[in-house]
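A note on names: the letters A, B, ... follow the listed sequences, proteins ahead of strands, and every chain is numbered from 1.
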Amino acid sequence: MQQLSALSPLRLCLPGFSLAQTLCCGQAFRWREQEDGSFLGAAGAHRAVIRQRGEEILIESDASPAFWENYFDCRTDYEAIRRTVASIPALEPACRFAGGIRVLRQDGWEALASFIISQNNNIKRITGIIERLCCQFGEPIGGGLCAFPPPERLAGLSPEDLAPLRSGFRARYLIDAARQVTGGTVDLAALPALPTAEARAELMKIVGVGKKVADCALLFGFGHGDCFPVDVWIGRALAELLPEGLPPSLAPCAGIAQQMIFHYMRACPDRAAAKAGEC
DNA sequence: GCCCAGGCAAACT
DNA sequence: AGTTTGCATGGG
């Protein structure tokens, strides 16, 4: 087995970035913070140890630099986006608190399956279910980690086969997703180029995928940065912060703004204080 | 015990 | 077409 520490780490320079915010804000569920502050985990089939030193991100992994540059969305100008978000007074506190977040470009299937599991669930438990899913059905990738199982691996299984995951009623949703993706009734590869509404409708053909899960998958797994996933929680927060709705200037980066608001409001449940920027 | 959790489907008015 | 209810499970 290859020792990750023997590889010379990839270095990415990302001004204003926060690795911890990005990996812990509830968009990806496979990263664990270590005692030394580094993160051990995997994206798709790639294991990695990632740490932050100032503005530099150090990545120990056998995956190519191009893979991680894409994963961390290095081609997008986040400083410009932060300025746009922070220029809206109601969002300035959220941007100040959570402005280090980048929206990761995760594997589409992994994002879809992860957010199917997320419904009516909490982040801690979601993480556990996904870990068991990978351990049980994914290929080992070293270090005790396993790749996220591809849809082909799940398509032939029954809900009973997924019982060890303790995913409850979501098991049959996962299997339906795997079957439709492998069977061709849902074409994941086509989603990035489709208009958001059409891509959403495509994903909602899957049992257990409603608008919220579809929008999360599109935002985090298919590059639809204009998606603004709304549930009761964020809907209420938004209604208080932005009674007029999302300003048009935010449309292209709505997903990033949403993620900042989500992270901020989760850390600061007192809406009055959040609104006043006193968290 | 109780309540909640990055919702959704099915069964109701 | 809008509203309510059940859902499986674990953590606080």
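Enclosure of atom CD in A:Glu139 is not indicated, since only 12 or fewer non-hydrogen atoms of other residues, nucleotides or ligands lie within 6.0 angstrom.
Here the side chain of A:Trp233 is nearest to one of B:dG6, B:dA5, B:dG7, namely B:dA5.
Remark: the separation of the P atoms in C:dA8 and B:dA10 is 12 Å, to the nearest Å. B:dG6 and C:dG6 have their P atoms separated by 22 Å, with the value rounded to a whole Å.
To the nearest angstrom, P of B:dC4 lies 18 Å from CZ of A:Arg266. Rounded to whole angstrom, the span from the CZ atom of A:Phe29 across to the C1' atom of B:dA5 amounts to 12 Å. Distance CD (A:Gln119) to P (B:dC4): 19 Å, rounded to an integer number of Å. One atom, CG of A:Asp176, and another, P of B:dA9, lie 10 Å apart when rounded to the nearest Å. In this structure, the CZ atom of A:Phe228 is 12 Å from the C1' atom of B:dG6, given to the nearest Å. Rounded to an integer number of Å, the gap from CZ of A:Phe115 to P of B:dA5 is 16 Å. In this structure, A:Lys205 places its NZ atom 18 Å from P of B:dC8, rounding to the nearest Å. Rounding to whole angstrom units, CG of residue A:Asp215 and P of B:dG6 are separated by 17 Å.
Judged as a disulfide bond (SG atoms under 2.5 Å apart), and not counting sequence neighbours, A:Cys74 has no contacts.
Across all strands shown, A:Ile123 has heavy atoms under 4.0 Å from sugar-phosphate atoms exclusively, and none from any base. A:Gly26 comes within 4.0 angstrom of a nucleotide base, judged by non-hydrogen atoms across all strands.
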N/O-N/O pairs, protein side and nucleotides 10-13 of chain B side, under 3.5 Å:
none

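Between A:Phe115 and A:Gly26, the shortest heavy-atom distance links the atoms CZ-O, 3.7 Å. Nearest heavy-atom pair across A:Gly277 and A:Arg96 is O-NH2, 4.2 Å.
At distances below 3.5 Å, not a single donor-acceptor pair connects side-chain atoms of A:Ser118 with backbone N or O atoms of A:Ile123. Between the side chain of A:Gln136 and the backbone N or O of A:Asp161 there is no donor-acceptor pair closer than 3.5 Å. In this structure, the side chain of A:Arg47 does not engage the main chain of A:Ala42 through any donor-acceptor pair within 3.5 Å.
The cluster map of Ile, Leu, Val, Met, Phe, Trp and Tyr, joined by side-chain heavy atoms under 4.5 Å apart, puts A:Ile256 and A:Tyr71 in different clusters.
At a cut-off of 3.5 Å, with distance as the only test, a side-chain donor of A:Thr185 or A:Gln180 sits close to an acceptor on the other residue.
The side-chain contact (heavy atoms from CB on, under 4.5 Å) test with A:Leu203 singles out one residue from A:Asp215, A:Val213, A:Val181, A:Leu218, and that residue is A:Leu218.
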Counting primed atoms, P, OP1 and OP2 as sugar-phosphate and everything else as base, the B/S/- map of nucleotides 5-12 of chain C against protein heavy atoms under 4.0 Å is --BBBB-S

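Here A:Phe262 packs flat against the base of B:dG6; its ring centre is closer than 5.5 angstrom to the base's six-membered ring, tilted by less than 30 degrees.
Checking A:Ile126 against A:Val209, the closest nucleotide of DNA chain B that is more toward the 5' end is the one next to A:Ile126.
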